[in-house]
Amino acid sequence: MERYDPGEIERKWQERWREEKVFAARDDSPKPKYYALVEFPYPSGDGLHTGHVRSYTAMDIIARKRRMEGYNVLYPIGWDAFGLPTENYAIKTGTHPKVVTKRNTDTFRRQLQSLGFSFDWDREVNTTDPGYYRWTQWIFLQFYKKGLAYKEKMPINWCPSCKIGLANEEVVSGKCERCGTPVERREKEQWMLAITKYADRLLADLDTVDYLEKIKTQQMNWIGRSEGAEIDFAIADAEGGAKLTVFTTRPDTLFGATYMVIAPEHPLMHALSGLIENRAEVAAYVKKVSANTEEERLAEGKEKTGVELKGVMAINPATKEKIPVFTADYVLASYGTGAIMAVPAHDERDFAFAKKFGMPIRQVIAPRSADPQTALRQEEGSARGSGVEIPYTGDGILMDSGPFDGMDSEEAKKGIVNAVGGRMKTQFHLRDWVFSRQHYWGEPIPIVFCEKDGMVPVPEEDLPVRLPDIEKYQPTDTGESPLAAIGDWVNVACPKCGGPARRETDTMPNWAGSSWYFLRYIDPRNDAMFAAPEKLKHWMQVDWYNGGMEHTTLHLLYSRFWNKFLYDLGVVPVSEPYMKRTSQGMVLGKGGDKMSKSKGNVVNPDSVVAEFGADTLRVYEMFMGPFDQAIPWDDKAIQGAARFLERFWRYAGDMIGARAQAQEHREGAAEGRKRSLLHRTIKKVGDDIEAMKFNTAISSLMILLNELTDAEGRSDAVVALTDADLVALVKILNPFAPHMAQELWSRMPEGLHAGYLDFAAWPTYDPALAAEDEVTLVFQVDGRVRDTVRVARGMEEAAAKDLALANGKVRAALAGREPTRVIWVKDKLVNVVA
RNA sequence: GCUGGGGUGGCGAAAUGGCAGACGCACCGGCUUUAGGAGCCGGCGCCGCAAGGCAUGUGGGUUCAAGUCCCACCCCCAGCACCA
């Protein structure tokens, strides 16, 4: 057998897989379907990252195993190619983003193919292709027609460096997610998508899917549902009966509300101005606060600031008392009603504010006696005299609450809401999705503004609205898209009346194309609709979707939303797009830092493939550690994967070579121990792949190979496996190292192989063979191991105990003491307790 | 602060309540080689010459037996965070 030369073998099979379209998914196959999905890459100029390799290898392993199990597998790939880095590169170099994208996708394609992923390349999609974004625009029009896409003037998060409006989701602790510049607030007309209309279902339907728990939790946190009530507080002496409406999750504490707070941006601030006596002071505070970026607000920490609206008093609807009203920036205009009732005795923030401003603190909830906080409070109370020293935020028994005294919190909530004419209400943290970007390299929003007819959607038959070729890609400081400067493109005839009209110049965010790409893979060349219903019915839903944790809030939520919307339209057959979602851990640089160009610790997959081959890179990335965990790259450790494959090659090659020459095979000559291990390994590799425990799957293959090639077995190596066992051995390697496995397969003697290994049946293990016939029995005295012996499996209790009690080391440890008890666990141990 | 996941050799890590450290890296010794490397054989938690003892973040507990179960605490990572 010649030396293992991955370069030659890998090139050969990659060409044949591609030319013969071996992995093309068939729409008309009688086999059961399996849809395996990975996040399509953003084709950056840096090329493929080791993190892509980790995710794509994992799903490639699943896809290859499924094919061997008889499934018709769809494992597609494409390019999520709109986005800022390409645009920035275009601005810097003057190269058209189209050209940059073409170059980058060519690189990515070559790199992905060099790794031997079993993608169906016939279904490649590109979000920047007009044939693709035509349907992104079509979906937008459906949102528009259903009233779920609307334009609104609103304060947005503006990144002064990227010159772009950001969705709340793209602001990370007050800074631009991309460039880290502190975000400013600007008023702007923006397109919005009404994702909040789907908040309830996006939350509830998490119960119907199989996502990792932490992924579900992140989705739930982001949607942020809370149950409470809206309660109206009348303003004393106000003209026309003005009132302040608050949202609270604790209506049971209403009797303890001693003041109110409204957000500085609250619209009622204007309406109340007639009553406010300290107008100048209030105006100054509002001005100061609104100039603050969120960054500055956070920097001030939890120190509360605010100003009383002197002359404005609200009436607590429960106690009928007049209570003061403040404005303070700890109350957010964007959540709930933008106003709160403050209950300092039972809320930490209100408590801190009340302490600072000398507001009364009135306890109305008594902890139940079993509550752990009770003892603490009583102790504090006696030490410092009466008065509340720490807010009690738990449930309890009502006190000082008129007719509700003695009632349980939970029970009192509804009663109090009813008594004061409030309404039960569910609030969400989730906001509507800001869907406009003032940039060139995105999908044009297919709307025109007519002088006569106002906003008019572009007729569906006129899609796509193509991005025009322009000279300058730089967004303007006024925040207008560079498209606004292209007169020929902007000025159009109104589709409705034919009169003068202007196109919308905003484009869609880069999340748009990725919100539905999994549907386009199903019917990628269809130009009559985004995908044919019968094909969608056949392939949806996605059976298994793997991607990075960094996309588990936004992309996952957005694409679930789009899919649900299309489901409601009746054009997609399932409400939830993904049956199962998993995430891989990041591949870090040496030493555990994130890989980055500035740190100089980026590993280029190309150089690893050139030095060791794709199979070695695949095996190494799967073996390096638990799949869901972040693991630093170690370019020494990759040697382990390389050695394993070389030894596998030599062993399996020798076995095949010997078969070709031998006159006869000694069928079934393998030692029982080795056959048994092989069958246990078949089981373990299969089980571990399903659980994504790729590291232990590969380790069990290593253990098997070590056993098969040890010195003792070597003289007899050629006959150590039956034909069937040799075939099984090569098959279970296939998902991990498909080039080597396929090469070995093709060299098998006539009759042992036919066609491509990926369509040969996944081996079944024989439970009878897998069971070991000898086991190690542990002897303990008082729980400490004293000896181990090899015995036949299935030894009965009496025999095992006798053996233990007769054992020299056991007797020595007993030192003459009489056993009081002897514990026996079948095929495991005997523990003598003295 | 809340939610989720973690803490085991020099390193990446294994371990249905039943021999802790499988497998791999690094390292040490041997064989082979003109040399380097590769390969093969063996060793490799800590203390100890040994017998043996001690070891899975810390402290308790349950159990014949705990990395694993229970209680309290410390630390690390990720996400969310003035959300009423």
Side-chain angles (χ1 to χ4, degrees), chain A residues 3 172-173 212-222 224-226 228 246-250 253 261 297-298 300-304 328-332 334-343 346-350 352-353 393 427-431 549-550 552-553 583 585-586 592 619-620 623-626 628-641 643-644 646-647 650 693 695-706 709-711 714 776-788 812 819-834:
Chain A
R3 223 186 114 69
V172 178
S173 54
L212 288 182
E213 207 47 45
K214 61 177 167 182
I215 297 174
K216 278 194 188 182
T217 308
Q218 280 195 21
Q219 297 263 302
M220 282 160 68
N221 285 346
W222 197 264
R225 179 191 162 101
S226 57
V246 303
F247 173 74
T248 177
T249 55
R250 294 299 302 276
T253 64
V261 184
R297 286 195 192 188
L298 279 174
E300 286 172 20
K302 307 227 170 188
E303 179 66 19
K304 300 282 181 290
D329 69 351
Y330 84 90
V331 171
L332 308 176
S334 52
Y335 185 76
T337 62
I340 62 155
M341 63 179 206
V343 185
H346 304 292
D347 180 278
E348 281 172 23
R349 297 150 300 176
D350 297 345
F353 190 87
T393 57
Q427 266 301 329
F428 292 93
H429 173 207
L430 186 70
R431 316 289 161 78
M549 269 318 275
E550 66 274 20
T552 50
T553 19
S583 284
M586 272 199 288
V619 167
Y620 170 61
F623 182 66
M624 66 197 307
D628 58 358
Q629 193 175 303
I631 304 279
W633 184 270
D634 179 348
D635 40 26
K636 288 274 184 49
I638 195 167
Q639 283 291 352
R643 285 179 196 143
F644 162 65
E646 276 164 22
R647 295 209 302 135
R650 220 176 314 132
K693 289 161 75 175
N695 54 333
T696 51
I698 290 168
S699 118
S700 68
L701 285 168
M702 289 171 168
I703 292 168
L704 174 64
L705 188 64
N706 289 346
T709 59
D710 68 10
R714 215 165 163 66
T776 301
L777 204 56
V778 174
F779 292 155
Q780 298 181 333
V781 175
D782 292 330
R784 294 174 163 297
V785 178
R786 294 301 169 184
D787 204 2
T788 62
T820 54
R821 229 178 124 184
V822 182
I823 312 277
W824 168 76
V825 181
K826 192 168 189 174
D827 293 336
K828 291 275 189 202
L829 61 66
V830 178
N831 185 10
V832 181
V833 185

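Below, chain A is the first sequence line, B the second, and so on; all start at residue 1.
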Peer 1: With P as the reference atom in both, quote the distance from rA13(B) to rC25(B) in angstrom, rounded to an integer.
Peer 2: 16 Å
Peer 1: Which one, rG4(B), rA84(B), rC82(B), comes nearest to the side chain of Thr217(A)?
Peer 2: rG4(B)
Peer 1: Measure from the side chain of Met702(A), starting at C-beta and using heavy atoms only, and say which of rG4(B), rG39(B), rC23(B) lies closest.
Peer 2: rC23(B)
Peer 1: Can you measure Arg643(A) atom CZ to rC25(B) atom C1' for me and round it to whole angstrom units?
Peer 2: 8 Å
Peer 1: Restricting to side-chain hydrogen bond (donor to acceptor under 3.5 Å, both in side chains), what partner residues turn up for Asp787(A), sequence neighbours left out?
Peer 2: Asn807(A)
Peer 1: Measuring from the side chain of Val833(A) (C-beta onward, heavy atoms only), which nucleotide among rC64(B), rG79(B), rC54(B) has the closest atom?
Peer 2: rC64(B)
Peer 1: Look for any protein N or O under 3.5 Å of an N or O in nucleotides 14-22 of chain B and output each such pair with its distance, or none.
Peer 2:
| from | atom 1 | to | atom 2 | distance (Å) |
| --- | --- | --- | --- | --- |
| rA14(B) | OP1 | Asn695(A) | ND2 | 3.1 |
| rG18(B) | N2 | Gln780(A) | OE1 | 3.3 |
| rC19(B) | N4 | Thr776(A) | OG1 | 3.4 |

Peer 1: Distances under 3.5 Å only, N/O to N/O: pair up the protein atoms with those of nucleotides 43-49 of chain B.
Peer 2:
none

Peer 1: Taking the P atom of each, how far is rC41(B) from rU8(B), in whole Å?
Peer 2: 31 Å
Peer 1: Under the side-chain hydrogen bond (donor to acceptor under 3.5 Å, both in side chains) test, which residues partner Thr217(A), sequence neighbours left out?
Peer 2: none
Peer 1: Given a 3.5 Å cut-off on both pairing distances, which stems involving RNA chain B, each at least three consecutive Watson-Crick or G-U pairs, are present, if any?
Peer 2: B:1-7 with B:74-80, B:10-12 with B:23-25, B:27-31 with B:39-43, B:45-47 with B:52-54, B:57-61 with B:69-73
Peer 1: Describe the nucleic acid contact of Arg225(A) in one word from base, sugar-phosphate, nothing, applying a heavy-atom distance below 4.0 Å.
Peer 2: nothing
Peer 1: Considering only side-chain heavy atoms of Lys636(A), which listed nucleotide, rA13(B), rA26(B), rG24(B), is closest?
Peer 2: rA26(B)
Peer 1: Among residues at least two apart in sequence or on other chains, which ones pass side-chain hydrogen bond (donor to acceptor under 3.5 Å, both in side chains) with Ser226(A)?
Peer 2: Tyr335(A)
